[in-house]
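Remarks on the structure that follows.
Keep in mind it's a predicted model, so treat the numbers as computed, not measured.
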Amino acid sequence: MHDTAPAAKASAWLAQLADTLQRRDVAGALELFAEDCYWRDLVAFTWNVKTMEGKPAIAAMLDATLAATGPRDWAVTQAAGSEPIEAWFNFATAAGRGSGIFTLENGKCRTILTTLQSLEGHEEPLGPRRANGVRHGADRNRATWAEQRAAEEAAYGNGTDPYCLIIGGGQGGIMLGARLKQLGVPTVIVEKNARAGDSWRNRYRSLVLHDPVWYDHLPYIPFPENWPVFTPKDKMGDWLEMYAKVMELTYWGGTECVSAQFNEAEKRWTVELRRDGKTITLRPAQLVFATGAYGPPKMLDLKGADSFGGEMIHSSQYSDGSAYRGRKVVVIGAASSAHDVAVDLWEAGADVTMVQRSPTTVVRSQTLMDMAFDIYSEEAVARGIDVDKADMIAAATPFALQPPKQKALYDRIRARDAEFYRKLEATGFLLDFGPDETGLMMKAYRTGSGYYVDVGASQLIIDGEIDIKAGVEIDRLTPTGIRFADGSEIEAEIVIQSTGFQSMHEVVAKIVSREIADEIGTCWGLGSGTRNDPGPWHGELRNMYKPVAQENLWFQGGNLALSRFFSKFVALQIKARMESIPTPVYSTPLQ
């Protein structure tokens, strides 16, 4: 028999919330929440990406936003569970339609997620709203689809300004461009590489995505059912190129953004581009930096570099190990790129040593598949959990509640793979699971570094095929290699620094100004107070997907999943501004 009790309880709770909010009774609304409660809002109430932690924070948000938001039409769409109850719901605001998830424990709300999904009167042309595609009847002035597209493309190069300019044509820029296209926002994407997808094609030859296909879909066009679980980088590049063409994006490859200045009076940017050797100036209202999850490469300033007789590059410059066959190569770093580069070098026949400066979190790929991707899997799809539903489920847990869940997961992972970890540590490899034992995912959110999903390198390390030099500081480079603080030396003909990247705001420093970049501050990280993620606590990724200190400037980036999910909310914020829909941003000193 179908259990209707969870839906009845959830509907009763939501009706009470709707009633108190309609009456602007914030105190009454707070009575419906547990003492340890969280409200995560993505644009719907706050025009921001923000989590309110605890009743005082929720009260402050509601006091500031209720009058403008005018929430109404609350309705539970499904509910399940006994303790806690998880309920999905729809609602409307003055600006549009939203959806969310809340959990009830002992009749009180512990967590609630509210998301804006569409703007009233500016819905995407999907399903019954799709374009007709043809105008029946004879017309001597008819313009075909191809002619219209050609005219649209030519206009931006001949003085027409887009409303939005996206700097960076990798996955993040392409997905946001697709969202904006569907919302009717005139947008140009500029990319230094010649073709869409080159940011993947230009990486080292053996690169394959570490995340599975169910986690990596792009908006509107999911990967077909015959797509491999793990996507090779050139296949991914081809898909992005196809996607940009099919989604009719205005994509300028071979184009570099030289400078950008914001006119406060006109609320527009003046952006100088260099395209095919020519200078072009565009004046968009909105400027998006989609240059990846991070900024420029980070290189160690090593003593003795001027005396080193070999070659030294950053891992972002590495593409193929064939030129290093039979040569001694040192890879400085021990996170994802360092491991992948080391394997590629080994496959090419190089003599590889990895220099590990700090501990690394390592998780076997199959273990992650079995234990950590339950809502992004073929089994999940069979249960009716498509990628959009999975994204909402993932977003419903606030960052503050992630650590205990992740620690429990990694306790199980460590028990399952105890023998693997014993063998890896026996090589001298420095293994950790984060400063609070919370594993890979929290490292990804906090710093975007310090972890590796094992797809083969660890066994090479265990077997001694890739040497490890761990836990000893580098003293200096010598003419023939690297000398360490303990007096030992490693011979090296090539040094590859897999030492990470700077924050995305450093790209702003180069293109806009140092002052504005510093005013914006670091991108990424939660403010957890752990290594390389200094506090204070933010509760959301710093400066990502939301308004920042500089007006009309946005950051879009992250892995495929984050880029996919948050591209919707960045696009809605930009579309609302284009249509002069009021967007009163609720923020606190930490945004």
Side-chain angles (χ1 to χ4, degrees), residues 95-97 116-167 169 173-191 194-197 217-224 238-255 266-271 273 275-276 278-288 290 567-568 570-581:
R97 296 280 167 178
L116 185 67
Q117 292 291 320
S118 65
L119 296 169
E120 193 72 34
H122 303 285
E123 295 83 1
E124 295 184 9
L126 305 177
R129 286 189 289 269
R130 74 174 74 224
N132 195 34
V134 66
R135 188 173 74 246
H136 295 293
D139 183 357
R140 285 177 171 164
N141 298 313
R142 181 192 304 277
T144 66
W145 170 85
E147 291 164 348
Q148 291 173 8
R149 282 288 297 138
E152 179 184 345
E153 290 288 321
Y156 293 122
N158 294 315
T160 299
D161 291 315
Y163 183 76
C164 180
L165 179 69
I166 300 174
I167 302 172
I174 285 174
M175 283 192 255
L176 178 58
R179 299 277 196 190
L180 290 169
K181 179 76 175 184
Q182 293 305 301
L183 287 170
V185 178
T187 302
V188 172
I189 303 170
V190 297
E191 166 62 37
R195 297 158 55 200
H217 290 298
L218 276 63
Y220 311 114
I221 308 177
F223 294 115
D238 289 349
W239 183 263
L240 289 174
E241 186 172 27
M242 176 281 299
Y243 185 90
K245 188 175 182 66
V246 170
M247 295 304 295
E248 302 178 17
L249 307 185
T250 300
Y251 190 100
W252 289 2
T255 304
E266 297 181 6
K267 303 299 182 186
R268 297 193 81 89
W269 292 89
T270 299
V271 183
L273 305 170
R275 186 184 189 203
D276 298 329
K278 298 178 181 178
T279 297
I280 297 176
T281 300
L282 294 179
R283 299 181 68 253
Q286 307 290 337
L287 189 64
V288 180
S567 61
K568 169 176 278 192
V570 177
L572 287 171
Q573 291 173 85
I574 290 174
K575 173 66 172 179
R577 285 160 173 79
M578 188 182 90
E579 300 296 344
S580 300
I581 296 171

Test log, rule side chain to side chain contact (heavy atoms under 4.5 Å, CB included), inputs L183 and L572: CA-CA 8 Å; L183 287 170; L572 287 171; 4.2 Å; yes
Exam field: side chain Q148 to backbone A143, donor-acceptor pair closer than 3.5 Å: yes
Residues in salt bridge (charged side-chain N to carboxylate O under 4.0 Å, His left out) contact with R283, at least two apart in sequence or another chain: E266
Distance, nearest 0.5 Å, that separates CD1 of I280 from CG of N158: 9.0 Å
Atom pair OH/OG1 of Y156 and T187 - distance to nearest 0.5 Å: 7.0 Å
Gap between atom CG of L119 and atom CD of Q573 - 0.5 Å precision: 10.0 Å
Side chain proximity check, Y163 to I574, heavy atoms < 4.5 angstrom: yes
OG1-CD distance between T160 and E152, expressed to the nearest 0.5 angstrom: 10.0 Å
Taking every non-hydrogen atom, the tightest pair across L282 and L273: CD1-CD1, 3.8 Å
Distance in Å, M247 CE paired with L180 CG, rounded so as to fall on 0.5 Å steps: 11.0 Å
Whether D139 side chain and N141 backbone form a donor-acceptor pair below 3.5 Å: yes
Trace of the salt bridge (Lys or Arg N to Asp or Glu O under 4.0 Å) decision for K245 with E241: CA-CA 6 Å; K245 188 175 182 66; E241 186 172 27; over 6 Å; no
C164 to P284 - nearest heavy-atom pair and separation: C-CB, 4.2 Å
Distance in Å, E248 CD paired with W145 CH2, rounded so as to fall on 0.5 Å steps: 5.0 Å
Partners meeting ring pair (Phe, Tyr, Trp, His ring centres under 6.0 Å) with F223 (sequence neighbours left out): H217, W227, W239
Student check: side-chain heavy atoms of Q286 and V185 closer than 4.5 Å: no
Partner set under salt bridge (charged side-chain N to carboxylate O under 4.0 Å, His left out) for K575, not counting sequence neighbours: E579
Charged tip of R179 within 45° of Y220 ring normal and under 6.0 Å: yes
Distance-minimising heavy-atom pair for G157 and W252: N-CZ2, 4.0 Å
Flag, side chain of R195 to backbone of G253, donor-acceptor distance under 3.5 Å: no
Shortest non-hydrogen contact from P186 toward M578: CD-SD, 3.7 Å
Side chain to side chain, E147 and R142, heavy atoms closer than 4.5 Å: no
Minimum heavy-atom distance between R97 and L116, given as atom pair plus value: O-CD1, 3.5 Å
Check: M175 main-chain N/O paired with Y243 side-chain donor or acceptor under 3.5 Å: no
Nearest heavy-atom neighbours spanning E124 and R129: O-NE, 3.3 Å
Side-chain heavy atoms of I174 within contact of I166, under 4.5 Å: no
Derivation of the side chain to side chain contact (heavy atoms under 4.5 Å, CB included) call for L176 and I189: CA-CA 10 Å; L176 178 58; I189 303 170; over 6 Å; no
